[in-house]
Student: 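This is the structure I want to talk about, given as structure tokens.
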Amino acid sequence: CSYNAVNGTPSCANTAFNNVVLRATDFTTGFGMGNGMIVSDCGAIAGFLPFKHNYSQDAPTAVRDGLRGGADLNCGSMYESSTSAALSGGLIEQVDIDRAVRRVLTQVMQVGQAERSPPWADVGSDAIDTAAARALALDAARQGMVLLKNDNDTLPLVKPSRPHNAPALKVAVLGPHFNSSTELLANYYGENVLVSTSTPLLGLQRRPELTVVAALAGCDLVNVSKLPDLDAAAAAARSADVAILFMGLHSAQGVQQNNGPGMEREGYDRTNLTLPGYQEALVQAVHATGVPTVVVLINSGGLAAEWVYTHVPAVLEAYYPGELGGDAIASVLLGDASPSGRLTNTVYPAEFVALRNITDMALRAHDGVPGVTYRFYDDTPLFPFGYGRHYTTFAFAWKTDKGVLARTVSTADLAAALPRWLAQGGKDTTLTSLALPVEITNTGRGISDVVVLCFAQRLNTTNAPRTQLVGFERVQSLRPGQKATIDVHIMPSALTVVDDEGTETFSQGQYNIQCGGEPDGFANGALSITGGTKVTFTLPSSQ
């Protein structure tokens, strides 16, 4: 259970959610967790006290509110320090402690932790850092990267038509992330020495197709008191055939001070969306040399790098790519694999932070304040949620008799399908009217994966989201001219409507259905929901 409160009740004390909805024995009335264990986020029980939520008057009362609210295990010190006082003071009974202990020990036994020979007893060091694990890390990093811009086919750096005996491409590796290691892991990671062998610089230096003729930061990641060396960066770029700049933010684990707007991690909020420090000036100086320029972004949250997006011909969003991030970036830049990721966030313009207070929790636009997320942001983003280019192009169409999609489903069928879908972890496909047959054609010149996104827009409904992701699938290794057909199954939960009181229903209405992805485009169809309103969830009282 988390730190926040819902309607004034901290989530770890919310008996209606934790003891009724979560612990429902099936997915018809709740989340089917039964008698499972709930653990608090670290310090969440202490957050009941007057210094934060002002929900519990003292530590023993916080123990009572946590145990009876359904939080069985406290990450923190409240249960350890104050359970005895709560018991002796009559705030809780022994049965409250026994119930929580029983749930925790049940989980311990179910995972084998209490066994003399637990299931992992024979797992040794040879199971760590295996070839399969490295391959997975590399593939995950490549699949997650998003190509934001690629004017004039700047990327890949090595074209399929390149002769085998062609001279190596001279590359200048620049920018504050040019040799980053642990920064590629973001934070909340364990000990990792592998990442130090896979920095962006090392990943590029290992490639025989390239010769790294210069490598330097040019500026600090965030520190504006340290002046940039723009002349050295420009000179390095002039010595090369192409300049690759590694820019972005940092999420350094263990760094306790907020190093300006470049920090993004737990406990810190950025004050703007732009590139911090002198990074934009560095890109401008390198771009002004006329040398072909590529920018690789290392970050998590959206960046309003508007000058970069306008002027630099190729921009790759690498996020924090992990322990083999440098090799993965080099692999994508050189064309071993086509970028195939899609943005998981909306990239807002820089002015967005001046238009909306960070403490405003309303998703919808109101009183001149813009909405947030792809579902409620009505203005034009720099890049929309789901955006992603490839080293090829794709076309999307319906695989139906006449190439038209027009489906009808009843609220009764949806209400029956929802608990099945939840119980099977989203794998239930028995409601065929929710299966969207999509034909994908590789219309370009390169082999690539493609992620097909399907959205639904509810028509003629006040206050509905502008669009809603209802399903997605990845198609792997589609060759030029090749077609593939898949069924994308609409998540029933994506078709519910929630009113101001938190009541969730299936109700009759019309939807526009889109499957595909920007910037290639979408196949457009229609879905009609018929029948009377079916209630699927009612927001319980927090008390």
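Computed from a predicted structure; not experimentally measured.
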Student: When you measure from the side chain of Gln279 to the backbone of Gly248, do you find a donor-acceptor pair of N or O atoms at a distance under 3.5 Å?
Tutor: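 Yes, the answer is positive, given that a donor and an acceptor are paired below the 3.5 Å cut-off.
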Student: Report yes or no: does Ser11 contribute a side-chain atom to a donor-acceptor pair with the main-chain N or O of Ala5 at less than 3.5 Å?
Tutor: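 Checked: no pair found.
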Student: Are there over 12 heavy-atom neighbours, none belonging to Asn357, within less than 6.0 Å of that residue's CG?
Tutor: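 Yes, enclosed.
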Student: Using a 3.5 Å distance criterion without hydrogens, assess whether the side chain of Tyr55 forms a donor-acceptor pair with backbone atoms of Gly47.
Tutor: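 No, because the side chain of Tyr55 does not come within donor-acceptor range (under 3.5 Å) of the backbone of Gly47.
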Student: Within 45 degrees of the axis of the six-membered ring of Tyr278 and under 6.0 Å from its centre: does Lys226 put its NZ or CZ there?
Tutor: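 Verdict for Tyr278: no cation-pi partner in Lys226.
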Student: Does any pair with a residue in residues 347-378 pass disulfide bond (SG atoms under 2.5 Å apart), and if so which ones, sequence neighbours excluded?
Tutor: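 Applying disulfide bond (SG atoms under 2.5 Å apart) to every pair that reaches into residues 347-378, excluding sequence neighbours, yields nothing.
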Student: Answer with yes or no whether the side chains of Tyr188 and Glu266 bring together a donor and an acceptor at under 3.5 Å.
Tutor: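 Note: Glu266 and Tyr188 side chains meet the donor-acceptor criterion.
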Student: With sequence neighbours excluded, tell me which residues meet side-chain hydrogen bond (donor to acceptor under 3.5 Å, both in side chains) with Arg466.
Tutor: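 Arg466 satisfies side-chain hydrogen bond (donor to acceptor under 3.5 Å, both in side chains) with no other residue.
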Student: With Asp41, which residues qualify under salt bridge (charged side-chain N to carboxylate O under 4.0 Å, His left out), at least two apart?
Tutor: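 None.
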Student: Pair Met263, His250 - check side-chain contact (heavy atoms from CB on, under 4.5 Å), show working.
Tutor: CA-CA 5 Å; Met263 173 69 79; His250 72 135; 3.8 Å; yes
Student: Suppose we screen for ring-ring contact (aromatic ring centres under 6.0 Å, His included). Which residues come up paired with Tyr377, at least two apart in sequence or across chains?
Tutor: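 Expected list: Tyr348, Phe352.
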Student: Test of understanding: with side-chain hydrogen bond (donor to acceptor under 3.5 Å, both in side chains), list the residues that count as partners of Ser507, not counting sequence neighbours.
Tutor: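 For Ser507 the side-chain hydrogen bond (donor to acceptor under 3.5 Å, both in side chains) partners, ignoring immediate neighbours, are Arg458.
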Student: Can you name the residues that form a side-chain hydrogen bond (donor to acceptor under 3.5 Å, both in side chains) with Asn18, not counting sequence neighbours?
Tutor: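 Expected list: none.
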Student: Take Tyr391 and Arg389 through the test side-chain hydrogen bond (donor to acceptor under 3.5 Å, both in side chains) and record every step on the way to the result.
Tutor: CA-CA 7 Å; Tyr391 291 155; Arg389 293 181 174 274; over 6 Å; no
Student: Can you name the residues that form a salt bridge (charged side-chain N to carboxylate O under 4.0 Å, His left out) with Asp151, not counting sequence neighbours?
Tutor: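 Applying salt bridge (charged side-chain N to carboxylate O under 4.0 Å, His left out) to Asp151 gives Lys149.
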Student: Is there a side-chain contact between Glu306 and His311 (heavy atoms, below 4.5 Å)?
Tutor: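 Contact flag for Glu306/His311 side chains = no.
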Student: Can you tell me if Arg342 uses its side chain to pair, donor with acceptor, with the backbone of Gly386 under 3.5 Å?
Tutor: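 A pair under 3.5 Å: yes.
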Student: Kindly indicate whether the side chain of Val470, heavy atoms from C-beta on, has any atom under 4.5 Å from the side chain of Phe455.
Tutor: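 No, too far: nothing below the 4.5 Å cut-off.
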Student: Has Asn19 got a side-chain atom pairing as donor or acceptor with Arg23's backbone, closer than 3.5 angstrom?
Tutor: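 Answer holds: no.
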Student: Under the side-chain contact (heavy atoms from CB on, under 4.5 Å) rule, what do Leu316 and Val332 come out as? Steps first, then yes or no, please.
Tutor: CA-CA 9 Å; Leu316 178 68; Val332 169; 4.0 Å; yes
Student: Mind running side-chain contact (heavy atoms from CB on, under 4.5 Å) on Phe17 and Cys12 for me, showing each step along the way?
Tutor: CA-CA 9 Å; Phe17 279 121; Cys12 290; over 6 Å; no
Student: State whether the side chain of Ser180 and the backbone N or O of Glu183 hold a donor-acceptor pair below 3.5 Å, judged by distance alone.
Tutor: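 No; zero donor-acceptor contacts below 3.5 Å.
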Student: Does Phe506 offer a backbone N or O that forms a donor-acceptor pair with the side chain of Thr411 under 3.5 Å?
Tutor: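 The answer is no, because no donor-acceptor pair under 3.5 Å joins these two groups.
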Student: Quick one: does any side-chain atom of Thr503 pair with a main-chain N or O of Asp499 as donor and acceptor, under 3.5 Å?
Tutor: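 No.
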Student: Is a side-chain N or O of Glu317 found less than 3.5 angstrom from the main chain of Leu147, in a donor-acceptor match?
Tutor: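 Checked: no pair found.
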Student: Quick test of your reading: applying salt bridge (Lys or Arg N to Asp or Glu O under 4.0 Å), list the pairs with at least one residue in residues 403-425, sequence neighbours left out, ordered by first then second residue.
Tutor: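 Residue pairs passing salt bridge (Lys or Arg N to Asp or Glu O under 4.0 Å), neighbours aside: Arg420-Asp428.
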Student: Checking side-chain hydrogen bond (donor to acceptor under 3.5 Å, both in side chains) for the pair Thr199/Asn179: CA distance, chi angles, key distance, verdict?
Tutor: CA-CA 5 Å; Thr199 69; Asn179 201 30; 2.7 Å; yes
Student: Judged by atom type as modelled, is there a donor-acceptor pair below 3.5 Å linking the side chain of Thr536 to the main-chain atoms of Glu504?
Tutor: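 Judged by distance alone, yes, a pair lies under 3.5 Å.
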Student: By side-chain hydrogen bond (donor to acceptor under 3.5 Å, both in side chains), which residues pair with Tyr309, not counting sequence neighbours?
Tutor: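 Partners of Tyr309 by the side-chain hydrogen bond (donor to acceptor under 3.5 Å, both in side chains) criterion come out as none, since no residue qualifies.
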Student: Taking only residues two or more places apart in sequence or in another chain, which ones pass ring-ring contact (aromatic ring centres under 6.0 Å, His included) with Phe394?
Tutor: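 Residues passing ring-ring contact (aromatic ring centres under 6.0 Å, His included) with Phe394: His390.
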Student: Under the side-chain contact (heavy atoms from CB on, under 4.5 Å) criterion, do Val295 and Ile244 qualify, and how do the steps go?
Tutor: CA-CA 6 Å; Val295 167; Ile244 307 174; over 6 Å; no
Student: Got a sec, which residues hit ring-ring contact (aromatic ring centres under 6.0 Å, His included) with His287, two or more places apart in sequence or on another chain?
Tutor: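 Expected list: Trp307.
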Student: Using distance alone, with no hydrogens and no angle criterion, decide if Ser251 and Asn187 have a side-chain donor and acceptor under 3.5 Å apart.
Tutor: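 The answer is yes; a qualifying pair exists.
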Student: Name all residues meeting the salt bridge (charged side-chain N to carboxylate O under 4.0 Å, His left out) criterion together with Lys534; count only those two or more places apart in sequence or in a different chain, and write none if there are none.
Tutor: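 Scan of Lys534 (salt bridge (charged side-chain N to carboxylate O under 4.0 Å, His left out), adjacent residues dropped) gives none.
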Student: Should the heavy atoms of other residues, nucleotides or ligands under 6.0 Å from CZ of Phe376 be counted, would the total exceed 12?
Tutor: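 Check passes, neighbour count above 12.
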